[in-house]
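These notes concern the structure reproduced below.
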Amino acid sequence: VVTYNSLVNGLCKNGRVDEAWMLMIDKGFSPNVITYSTLISGLCKELRVDEAMKCLHEMIQLGLRPHTIIYNSLIDGLGKTKRLESAKQLLEKMVLSGCKPDIVSYNALIHGISREQGVSEALKLFDSVLKRGYEPEVPTYNILIDGLLKEDRVTEAFELFSGLMKGGLEPDAITYTVFIDGLCKAGRVDDALLMLKDMDEKGCAPDVVSHNAVINGLCKEKRVDEAEALVSSMEARGCSPNAISFNTLICGQCRVGKWKKAMATFKLMVKRGVTPTVVTYNILVDGLCKAKQVDEARELLSTSGFLADVVSCTSLINGFCKEGRITEAITLFDAMVDKGRVPDVVTYSALIDGLGKAGRLEDARLLLEAMEAKGCVPNVYTYNSLISGLCGLEKVDEGLELFVAMVEKGCVPD
RNA sequence: CGUCAUUUGCCUGAU
C-alpha cells in the first residue's frame with residue numbers, strides 16, 4: 001500500500017489525478033487514509049470538488065476516518081468554487097464526526113466568505129472564532145487585511161495590522177505584499193515603494209510577488225519607465241522576473257501606446273527563458289485591437305499556439321465594435337459560442353455597447369435578455385452601455401425605464 | 001521516525 005500510495009502521490013503532483021483515480025479503482029490494494037488524503041487534496045487543488053466529495057463519502061463508507069487536513073482541503077475547495085453553504089455544512093459535519101476544526105479550517109472559510117459575501121461578513125466569523133478561543137495566525141490576518149484593502153478600507157486594514165502585532169505575531173512577506181498591492185490599487189504607489197524598502201529593512205525580503213505588485217501599480221499610473229527599471233533591477237535583488245512581471249510591464253507599455261517597447265519587452269522575456277502565457281498573448285492581442293489592428297491581433301493569436309479564450313475573444317469583439325465592424329463582432333461572438341466558449345458579462349457588455357453605438361438598440365436589448373436567460377447577470381457597465389445607447393437616440397424614456405429596472409434588480413447605478 | 005496532505009499576496013478583456 002505504501003508503494004502504491006507513492007505512485008498515487010506522484011501522479012497527483014503531475015496533475016494526473018485521473019490516472020491516480022483509475023489506479024485506485026484498479027483494486028488489488030485497499031486504499032488507506034493516506035491514499036484518500038493524496039487524492040482529495042489533489043482534486044481540490046484542481047477545483048474538482050464534486051469528485052473530492054465523492055472520495056470523502058467513499059472513504060467513510062469503507063470505515064476510514066477522515067482527518068482535519070482532509071476536511072480543510074474540501075472546505076477550501078468548496079469556498080473557491082463559491083459553494084459557501086456546502087463549506088459551512090462540511091464544517092458542521094466535521095464537528096459532528098468528532099473532528100475538531102482548527103484555525104486553518106476557519107482561515108479557508110473566512111477567505112471564501114470574504115470573497116463571496118464581503119469582508120464584513122468574514123470579520124463577523126473572525127470575531128466568533130476568537131470568542132471560541134481560537135488563536136488567529138498570520139494567514140488569518142493576511143486574508144482579512146487583503147479583504148479590507150480590496151474594499152478600499154485602508155484605515156481598518158492598518159488597524160487589523162496593529163491587532164496582529166499586539167497578538168505577538170510577526171508580519172510576513174505576504175502581509176507586506178498585501179499592503180503593497182492594496183496601496184497601489186488605492187493610487188498610493190509611492191507609499192507602496194516605501195513599504196517595499198521598509199519590509200526589506202525589517203528583515204522580510206521582498207519576493208517576486210512584492211515586486212510585481214509595485215510594477216503593476218507603476219504601470220497603472222502610466223509610470224512605465226520606472227516599472228521597466230524595476231524589472232531590470234529586481235534580478236540583482238534576488239528575484240528573477242517571472243511571466244507575471246513581464247506581462248504586467250508589457251500591458252503597461254501597451255496602455256501608453258508604446259507598442260514597440262512592448263514588443264521589445266516580449267522579446268526580452270523570451271530571451272530570458274520566461275515562457276509567455278495565454279495572458280501574455282491576450283495583452284498583445286488587446287494592445288493590437290486598441291491600436292485598430294484587429295486583423296493583426298487575430299493573426300498573432302492564431303500563431304501563438306494558444307486557443308482563444310473568453311478574454312481574447314472579448315478583446316477582438318470589442319476591437320471589431322470600435323472599428324465599426326459590428327457584423328464581424330457578431331460573427332465572432334457566434335463562433336465562440338459554437339466552440340463552447342462561454343461568454344461572460346464583459347463579453348456581453350462589449351457587444352451590447354457595440355450594438356448600441358451602431359444604433360441597433362433592439363438587438364442590444366435582445367442580447368441583454370439572452371444573457372439573463374443564460375444566467376449571466378448584467379452589471380452596471382452593461383446597463384450603462386444600453387442606457388447611453390437609448391438616450392443617444394433620444395429614447396430617454398426607455399432609458400429611464402431600464403434605469404428603474406436595473407435598480408429593481410439590485411444593480412447599483414454609478 | 002517507510003508513503004500523503006490543508007489556509008493568505010502579483011498580470012489580461014467591457015461603459
Side-chain angles (χ1 to χ4, degrees), chain A residues 1-9 12-13 32-42 44-45 67-77 79 102-111 137-147 172-182 184 207-217 219 242-252 254 277-287 289 309-319 321 344-354 356 379-388 414:
Chain A
V1 195
V2 172
T3 319
Y4 166 69
N5 282 345
S6 300
L7 202 46
V8 170
N9 182 36
C12 285
K13 283 240 168 67
N32 61 16
V33 177
I34 292 179
T35 322
Y36 277 105
S37 177
T38 308
L39 271 173
I40 291 174
S41 68
C44 287
K45 280 232 172 68
H67 51 239
T68 313
I69 293 181
I70 293 182
Y71 281 113
N72 290 353
S73 302
L74 285 158
I75 291 169
D76 182 55
D102 61 9
I103 188 67
V104 175
S105 323
Y106 286 106
N107 288 345
L109 194 54
I110 287 171
H111 189 212
E137 293 181 344
V138 175
T140 320
Y141 283 102
N142 290 346
I143 290 163
L144 289 166
I145 291 171
D146 185 50
D172 63 10
I174 296 183
T175 318
Y176 286 106
T177 304
V178 164
F179 272 109
I180 288 173
D181 185 54
C184 285
D207 64 10
V208 62
V209 180
S210 326
H211 284 86
N212 289 348
V214 177
I215 292 164
N216 190 35
C219 285
N242 63 13
I244 295 185
S245 323
F246 286 110
N247 289 348
T248 308
L249 180 57
I250 292 169
C251 182
C254 284
T277 65
V278 67
V279 174
T280 316
Y281 284 98
N282 286 347
I283 289 166
L284 293 170
V285 162
D286 191 65
C289 286
D309 66 7
V310 60
V311 175
S312 29
C313 285
T314 303
S315 286
L316 291 165
I317 287 169
N318 189 43
C321 288
D344 65 11
V345 61
V346 182
T347 319
Y348 281 109
S349 301
L351 192 49
I352 286 172
D353 188 67
N379 63 18
V380 64
Y381 286 77
T382 326
Y383 286 112
N384 284 352
S385 287
L386 197 44
I387 291 171
S388 133
D414 62 5

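A, B, ... follow the sequence lines: proteins, then strands. Residue 1 opens every chain.
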Nearest whole Å is fine: how far is B/rU7 C1' from A/Glu137 CD?
9 Å
Residues A/Asn107, A/Asn72; criterion side chain to side chain contact (heavy atoms under 4.5 Å, CB included); working and verdict
CA-CA 9 Å; A/Asn107 288 345; A/Asn72 290 353; over 6 Å; no
Check every atom of B/rG2, B/rU8, B/rC4 against the side chain of A/Val2 and return the nucleotide holding the closest atom.
B/rG2
Take N1-N3 plus N6-O4 or O6-N4 for Watson-Crick, N1-O2 plus O6-N3 for G-U, both under 3.5 Å. Which runs of 3 or more such pairs involve RNA chain B?
none
Summarise protein proximity over nucleotides 9-15 of chain B in one line of letters, 5' to 3': B for base, S for sugar-phosphate only, - for none, counting protein heavy atoms closer than 4.0 Å.
BBBBBBB
Mind listing the closest non-hydrogen atom pair of A/Ala350 and A/Cys321 along with its distance?
O-SG, 4.0 Å
Quick check: do A/Thr277 and A/Thr280 have side-chain heavy atoms less than 4.5 Å from each other?
yes
Write down the distance between OH (A/Tyr106) and P (B/rU8), rounded to a whole number of angstrom.
18 Å
Checking A/Tyr106 now: which residues fulfil ring pair (Phe, Tyr, Trp, His ring centres under 6.0 Å) with it, not counting sequence neighbours?
A/Tyr134
A/Ile34 CD1 to B/rG2 P: how many Å, rounded?
10 Å
B/rA5 P sits how many Å from A/Ile40 CD1, rounded?
14 Å
Considering every strand and a 4.0 Å limit on heavy-atom distances, what is the contact class for A/His67: base, sugar-phosphate, or nothing?
base
In whole angstrom, what separates A/Ile180's CD1 from B/rU8's C1'?
15 Å
Of all residues at least two apart in sequence or in a different chain, which pass the side chain to side chain contact (heavy atoms under 4.5 Å, CB included) check with A/Cys313?
A/Ala308, A/Met336
With respect to A/Val279, which candidate in A/Ile250, A/Asp309, A/Asn247, A/Thr248 satisfies the side chain to side chain contact (heavy atoms under 4.5 Å, CB included) definition?
A/Asn247
Any side-chain heavy-atom pair from A/His211 and A/Ser245 closer than 4.5 angstrom?
no
d(CG, A/Leu74; P, B/rU7) in whole Å:
12 Å
By ring pair (Phe, Tyr, Trp, His ring centres under 6.0 Å), which residues pair with A/Tyr141, not counting sequence neighbours?
A/Phe126
Residue list, ring pair (Phe, Tyr, Trp, His ring centres under 6.0 Å) with A/Tyr71, at least two apart or on another chain
none
On the nucleotide B/rU6, are OP1 or OP2 found under 4.0 Å from the side-chain N or O atoms that A/Lys45 carries?
yes
